[in-house]
Amino acid sequence: MEKSSLRMTGGTREAPVNISPAVAANAEGEEIEVLESTEVIPVAPEEQWKSLFDKYDPENSGFISTERFRDLLATHGSELDPHKLEVLLALADGNADGKICYQDFVNLMSNKRSNSFRRAILQGSRQLKGCSLRDEVGLGLSQRLVRHVAYETLPREVDRKWYFDSYTYCPPPWFILAITIAEVAVFMYYGFQMDRLVLQVSSPSFLKSPLPYHPQLRAQAWRYLSYIFMHTGIEHLSLNMAMQLLVGVPLEMVHGALRIGLVYVCGVLAGSLAVSVTDMTAPVVGSSGGVYALVSAHLANVVMNWSGMKCQFKLFRMAMALVCMSVEFGRAVWLRFYPPAFPPCPNPSFVAHLGGVVVGLTLGVVVLQNYEQRLQEQSLFWIFFCVYTLFVLCAVFWNIFAYSLLDVRLPPPP
C-alpha cells in the first residue's frame with residue numbers, strides 16, 4: 001500500500017493533503033481496488049477515531065500493523081454496517097505492506113467512500129465473503145426497491161452492497177421526475193389550447209410557442225434547450241416519457257441528479273445544435289436528445305460490463321429497449337419527410353436523436369462507469385468533455401456565420 005506522509009503540529013497529527021485508499025473487491029474475484037471519497041457516512045466522530053489510532057499506535061509511528069487493525073475491528077466492528085466490515089477485513093487480510101497509515105485508518109473508520117477504483121494494492125485476487133445482496137431476506141419494500149436498482153445499474157457486488165447500505169432516498173430522484181412532470185404539463189396545456197393531442201405538430205399554432213427551436217429564431221438562445229417541453233403528439237410524448245422514467249430514475253438514484261442532469265442536458269443541447277448544423281431548415285421539438293443520451297449510455301454500460309450485470313432478463317430487456325428506441329426514431333424519420341401541414345416549413349427534424357446517442361456513448365458512458373469517482377480525476381472524462389465543448393463552440397460559430405455565407409433559404413418565422 002502507498003504510505004501517506006503525516007504532518008505534526010503541537011503533537012497532533014494532521015491529515016495529509018491526498019486522500020488515502022480504502023479497499024474493495026468484487027464478488028467475481030477481481031483484484032481489490034483502491035477507493036477514495038469525499039462523501040462521508042457518519043459512524044462516529046472523527047476525533048474518536050484519532051484517539052483510538054493513538055491507542056493502537058503507542059510508538060507514534062503514524063502506522064498500525066494489520067494485526068492490530070484486525071483486533072480493532074473485532075472490538076469496534078459492531079458499530080459498522082456488515083457490508084462495510086467485509087471491506088475493512090479484506091484490507092486487513094490483504095495489505096501487502098503489513099501496515100495501515102493514520103489517514104487510511106481515519107478514512108476507513110469514518111466510512112469515507114473511495115473515488116479511485118482502478119489502483120490495485122494486492123497481488124492476485126480475493127473474493128468478498130458472505131452471501132450476495134440478492135440472497136438477503138426480511139427486507140422491506142423500500143429496501144427491495146433499492147436492491148433492485150443496485151442490480152439494474154451497478155456491475156460490481158461490492159458497489160451494490162455499498163450503495164444498498166448508503167442510499168437513504170434523500171434527496172429523491174427529483175431531476176428526472178421534475179423534467180417529466182414539466183414536459184407532461186406543457187404538453188397538456190398546449191393540447192387543450194390547440195384542442196389536439198395526436199399530431200399536435202399539424203396545428204397552425206404549434207410552432208408559435210416560445211419553446212420550440214426554429215431556424216429563423218435561432219438567435220433566441222433558450223430555444224436550444226426549451227424545445228424539450230414540446231412534443232409532436234401524445235405518441236411522441238409517451239415513448240419518451242416511458243424511456244425517461246424507466247431508465248432515468250434508477251440511474252439518478254445511483255449516480256445523483258448532478259451527473260444524470262449533466263448527461264441529459266448535454267444530450268439536449270447536442271441535439272438542437274446537431275440539427276442546426278446538419279438539417280438547417282428544420283425545427284426541433286421533443287426530449288429525445290436527452291432521453292437517448294441516458295438510454296444509450298446505460299445500454300453501453302450494460303454491454304461493457306455484461307458478466308457483472310446481474311439484472312434479470314437483461315438480454316430480453318435490452319432488446320426491448322432497442323426496439324422502443326428504433327420505433328421512436330423511425331417515427332421521427334417518417335414525420336420529417338412526410339409532407340408538412342404548412343409548407344414551406346418542414347416537419348421537425350430527427351437529427352436530435354442522433355446527437356443524444358453520440359453524447360450517451362461518449363460522455364455518458366464515462367459518467368456511468370465511474371460510480372462515486374471524481375469525474376475531474378478521470379482523463380477520459382476531460383477528453384470527451386473538451387471534444388463536446390469544441391463541438392458546441394463550432395456549432396455556435398456555424399449558427400452565426402454559415403447561414404448567411406451559404407445563403408440558406410429558411411422557412412418564414414412562425
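One-based numbering along the sequence shown. Quantities reported herein were computed from a predicted structural model and do not represent experimental measurements.
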Let's go through S287 and H231 carefully: what are the C-alpha distance in whole Å and the side-chain angles of both, what is the deciding distance for side-chain contact (heavy atoms from CB on, under 4.5 Å) to 0.1 Å, and is it a yes or a no?
CA-CA 8 Å; S287 59; H231 288 78; 3.4 Å; yes

Scan for ring pair (Phe, Tyr, Trp, His ring centres under 6.0 Å) pairs involving residues 273-326, sequence neighbours excluded, and state none if there are none.
Y292-H353

side-chain contact (heavy atoms from CB on, under 4.5 Å) between V359 and V268: does it pass, once the steps are laid out?
CA-CA 9 Å; V359 169; V268 169; over 6 Å; no

According to side chain to side chain contact (heavy atoms under 4.5 Å, CB included), who are the partners of F397, at least two apart in sequence or on a separate chain?
F401

Taking only residues two or more places apart in sequence or in another chain, which ones pass side chain to side chain contact (heavy atoms under 4.5 Å, CB included) with L246?
none

Residues passing the side chain to side chain contact (heavy atoms under 4.5 Å, CB included) test with V249, sequence neighbours excluded, are P173, I176, L177, L245, M253

Given M230 and S209, is the side-chain contact (heavy atoms from CB on, under 4.5 Å) satisfied, shown in steps?
CA-CA 9 Å; M230 298 289 291; S209 165; 4.0 Å; yes

Name all pairs fulfilling the ring pair (Phe, Tyr, Trp, His ring centres under 6.0 Å) condition that reach into residues 186-223, sequence neighbours left out, sorted by first residue then second.
Y213-Y224

Identify which one of R317, K314, K310 satisfies the side chain to side chain donor-acceptor pair (under 3.5 Å) criterion when paired with E152.
R317

Which pairs pass ring pair (Phe, Tyr, Trp, His ring centres under 6.0 Å) with one or both residues in residues 257-282, sequence neighbours excluded?
F175-Y264

Only counting residues at least two apart or in another chain, list the ones meeting side chain to side chain donor-acceptor pair (under 3.5 Å) with R218.
none

Set of residues satisfying side chain to side chain donor-acceptor pair (under 3.5 Å) with respect to R144, sequence neighbours excluded:
none

Between side-chain atoms of residues 379-395 and protein atoms elsewhere (two or more places apart, or another chain), which donor-acceptor pairs fall under 3.5 Å?
residue, atom, partner, partner atom, Å
W382, NE1, Q376, O, 2.7
Y388, OH, C266, O, 2.8
T389, OG1, F385, O, 2.8

Between the side chains of R160 and T153, does any donor sit under 3.5 Å from an acceptor?
no

Taking every heavy atom of F350 against every heavy atom of A332, the minimum-distance pair comes out as CB-CB, 3.7 Å

Tell me whether the count of non-hydrogen atoms from other residues, nucleotides or ligands lying under 6.0 Å of CG in L258 goes above 12.
no

Write down the atom of A274, the atom of T278, and the distance for their closest heavy-atom approach.
O-OG1, 2.7 Å

Could you tell me which residues satisfy side chain to side chain contact (heavy atoms under 4.5 Å, CB included) with L145, sequence neighbours excluded, listed by chain and number?
V149, Y169

Qualifying residue for side chain to side chain donor-acceptor pair (under 3.5 Å) with R196, from S205, S202, S203
S202

Once salt bridge (Lys or Arg N to Asp or Glu O under 4.0 Å) is applied, what residue pairs with a partner in residues 323-345 remain, sequence neighbours excluded?
D279-R336, E328-R331

Salt bridge (Lys or Arg N to Asp or Glu O under 4.0 Å) pairs touching residues 224-233, sequence neighbours excluded, are none

